[in-house]
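By convention here, the first residue in the shown sequence is residue 1. Whatever order the structure lists them in is the order used to number ligands and atoms, beginning at 1.
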Amino acid sequence: MLFMVEMIVQIPQSLDADLVAKIKLEEKEYSQKLQREGKWRHLWRVVGEYANVSIFDAASNDELHTMLSSLPLFPYMQIKVTPLANHPSSIVQE
Ligand SMILES: O=C(O)CC1=CCC(=O)O1
């Protein structure tokens, strides 16, 4: 099952800079693990914003929720999930 996931990152200015750097490094490592596993299919930066648009491939809503809530930046993000279905005019059927 494919999902479009929109993430807006909002890290409080008051958070310790070293802690922020550590969280970002852990976020990168975790996201790249999911990408290598084929679970995180696309990761795009939204131009001009500290935000991304991603495509996830998860077996269930529960699996997607587990992946998203395990993100190190999860406490500092607004996340919107949109389930995707095949479009009848698409020449690519997933
Ligand atoms: O920078 C972001 O958009 C948040 C994020 C998601 C995966 C990652 O490595 O950073």
Atom 9 (O) of ligand 1: nearest protein contact (heavy atom, Å): Ser31 OG, 3.3 Å

Closest protein heavy atom (residue, atom, distance) for atom 4 (C) of ligand 1: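 Of the protein heavy atoms, Asn52 ND2, 3.7 Å lies nearest.
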
Sub-4.0 Å heavy-atom approach of Trp40 to ligand 1: yes

pair Trp40-Val5: side-chain heavy atoms closer than 4.5 Å: no

Region of Trp44 that comes within reach of ligand 1 [heavy atoms, distance under 4.0 Å]: neither

Shortest heavy-atom approach to atom 2 (C) of ligand 1 - which of Gln35, Met7, Arg45, Lys28: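 Closest candidate by heavy-atom distance is Arg45.
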
Where ligand 1 meets Glu27 - atom numbers and elements under 4.0 angstrom, heavy-atom basis: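 Once the distances to Glu27 are compared, the set is 5 (C), 6 (C), 7 (C), 8 (C), 9 (O), 10 (O).
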
Atoms of ligand 1, numbered as shown, that sit under 4.0 Å from any heavy atom of Tyr50: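 Those atoms are 1 (O), 2 (C).
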
Side chain to side chain contact (heavy atoms under 4.5 Å, CB included) involving Val47 - partner list, sequence neighbours excluded: none

Glu37/Lys33 ion pair, N-O < 4.0 Å: yes

Ion pair check, Lys39 and Asp57, cut-off under 4.0 Å: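 So Lys39 does not pair with Asp57 through a salt bridge.
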
Partner set under salt bridge (Lys or Arg N to Asp or Glu O under 4.0 Å) for Lys28, not counting sequence neighbours: none

same_hphob_cluster(Met67, Ile23) at 4.5 Å side-chain heavy-atom cutoff: yes

